[in-house]
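Given the structure is predicted, the values throughout are model-derived calculations rather than measurements.
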Amino acid sequence: MRRCTYLVLSLFCLMSSGCAYFRDRCDADLLSRGRVLVLSGIETPSIFTSNIATGIAESGWNGSVEIHDWRTGHFHNFAYHLMDVETNRQRSQELSDKIVTYQDQYPDAPVHLVGHSGGAGIIVMALEALLSERQVTTATLLASALSPDHDLSIALARTSRGMWHYHSPGDFVLCGLGTSLLGTIDREHRPAAAMLGFNRPLQLTDFERHQYDTKLHDIPYNLGMLRDGNIGEHFGCSQSRFVRKRIAPVILGTAS
């Protein structure tokens, strides 16, 4: 069964691999207005990552849009990207440092993070690595490969407007069966939050409870998303039309 799951994951990653078509928009003028960093899943640079960045760039956002590559760049290492906790912590710290460097240069500019699958896990770990006085504007997690029981309270506190997570029970192949056998990015062998959404921890302080109450927007799949090209499996939320219609409003501050 483990070998079968590995083969399925390999097929999906092979189908999605190749050079991303999106070219970063990050000149000085755009950077001064704000920054969106897009993180892919465990596959190599892919059309899915490109679609996410394109959807944001076409939405009316007038700041920079960049793909932040946190992986080794080799397709055959996709399982390593999921399972190597120490390296992923290093990659998360690098992202955290990148945020701090940018904020020091542009202290009044918004910072938005958008991550798909494993990239969503890297975003949460990067937020956990930020000092308490630092915040990004929003974090959007698409089909997160984290465990549903991951405590988000620290990451939520490192956002000023909150965290959005899109999940679907249709994601049962890669983030149901796949993470049950190979593990989530935070190393729990069970279906991931991408399939089930996030659970609220039982023991929370008043401050942590407030973070969950006011900042976590855990959004399940609904059939209305079909109109925007999302059929409810692992990559549906990475379609550019879906990103333009559903994710960009989070960044633009117009989401309900």
Val65 and Asp24, any side-chain heavy atoms less than 4.5 Å apart
no

Side chain to side chain, Tyr221 and Leu226, heavy atoms closer than 4.5 Å:
yes

Out of curiosity, Cys175 SG to Leu146 CG, how far, rounded to the nearest 0.5 Å?
10.0 Å

Under the criterion salt bridge (Lys or Arg N to Asp or Glu O under 4.0 Å), I'd like the reasoning laid out for Arg209 against Asp213: C-alpha separation, chi angles, the key distance, then a yes or no.
CA-CA 6 Å; Arg209 189 174 299 108; Asp213 289 343; 5.8 Å; no

So, do Asn230 and Gln239 sit near enough that their side-chain heavy atoms are less than 4.5 Å apart?
no

Closest approach of Gly34 to Trp61 (non-hydrogen atoms, all atoms of both residues):
C-CZ2, 3.6 Å

Quick check against the 3.5 Å criterion: does Thr184 have a side-chain atom that pairs as donor or acceptor with the backbone of Glu188?
yes

Do Val38 and Glu66 touch side chain to side chain, with heavy atoms closer than 4.5 Å?
no

For a quick test of reading the model, state the closest non-hydrogen atom pair linking Thr214 to His210 and the distance between them.
OG1-O, 2.7 Å

Are Val111 and Leu131 connected in the hydrophobic side-chain network, where two residues link if heavy atoms are under 4.5 Å apart?
no

Show the nearest heavy-atom pair for residues Pro110 and His112, with the distance to one decimal.
CB-NE2, 3.7 Å

Least distance between heavy atoms, Trp164 atom then Thr138 atom:
CZ3-CG2, 4.0 Å

Sorted by chain and residue number, the ring-ring contact (aromatic ring centres under 6.0 Å, His included) partners of His165 (sequence neighbours excluded) come out as His167, Phe198

Arg246 versus Met225: any side-chain heavy-atom pair under 4.5 Å?
yes

Just verifying a value: how many Å separate Ser132 OG and Ile154 CD1, rounded to the nearest 0.5 Å?
10.5 Å

Would you compute the distance between atom CG of Leu252 and atom OG of Ser59 and round it to the nearest 0.5 angstrom?
4.5 Å

Would one find more than 12 heavy atoms of other residues, nucleotides or ligands at under 6.0 Å from atom CZ of Phe172?
no

Asp104 vs Arg134, salt bridge (Lys or Arg N to Asp or Glu O under 4.0 Å): CA-CA, chis, key distance, verdict
CA-CA 11 Å; Asp104 286 345; Arg134 296 280 183 168; 2.7 Å; yes

Is the side chain of Tyr212 donor-acceptor paired with the backbone N or O of Leu152 at a distance under 3.5 Å, no angle test?
yes

Lys215 side chain near Thr159 side chain, heavy-atom distance below 4.5 Å:
yes

Going by the side chain to side chain contact (heavy atoms under 4.5 Å, CB included) test, name the single residue among Leu142, Leu95, Leu141 that passes it with Leu39.
Leu95

Can you list the steps and then say if Gln135 with Ser160 is a side-chain contact (heavy atoms from CB on, under 4.5 Å)?
CA-CA 6 Å; Gln135 288 184 319; Ser160 61; 3.6 Å; yes

Answer yes when Lys245 and Asp228 have at least one side-chain N-carboxylate O distance shorter than 4.0 Å, and no when they do not.
no

Minimum heavy-atom separation for Arg190 to Ser147, with atom names?
CD-OG, 3.8 Å

Just do the side-chain contact (heavy atoms from CB on, under 4.5 Å) check on Tyr166 and Thr140 with the steps written out, would you?
CA-CA 8 Å; Tyr166 291 82; Thr140 301; 4.2 Å; yes

Can you tell me how far the CD atom of Glu94 sits from the NE2 atom of His68, to the nearest 0.5 Å?
6.5 Å

When rounded to the nearest 0.5 Å, the distance separating CG of Leu127 from CD1 of Ile122 is 11.5 Å

Heavy atoms only: give me the nearest Pro249-Arg244 pair and the separation to one decimal.
CD-O, 3.7 Å

Is any NZ, NE, NH1 or NH2 atom of the basic residue among Arg200 and Glu208 found under 4.0 Å from an Asp or Glu carboxylate oxygen of the other?
no

Let me confirm one number: the CD1-CZ distance from Ile56 to Arg25, rounded to the nearest 0.5 Å.
10.0 Å

Less than 4.5 Å apart, side chain to side chain, heavy atoms only: is that true for Asn62 and Leu30?
no

Does Lys98 reach the side chain of Thr101, with side-chain heavy atoms less than 4.5 Å apart?
no

Count the heavy atoms belonging to other residues, nucleotides or ligands that lie under 6.0 Å from CD of Gln203, then report whether that count exceeds 12.
no

Are Leu31 and Leu37 co-members of a hydrophobic cluster defined by side-chain heavy atoms under 4.5 Å apart?
yes

Could you give me the CA-CA distance, side-chain angles and deciding distance for Val114 and Val36, then say whether side-chain contact (heavy atoms from CB on, under 4.5 Å) is met?
CA-CA 7 Å; Val114 181; Val36 177; 4.2 Å; yes

Among pairs that include at least one residue of residues 113-158, which meet ring-ring contact (aromatic ring centres under 6.0 Å, His included), considering only residues two or more places apart or in two chains?
His116-His234, His116-Phe235

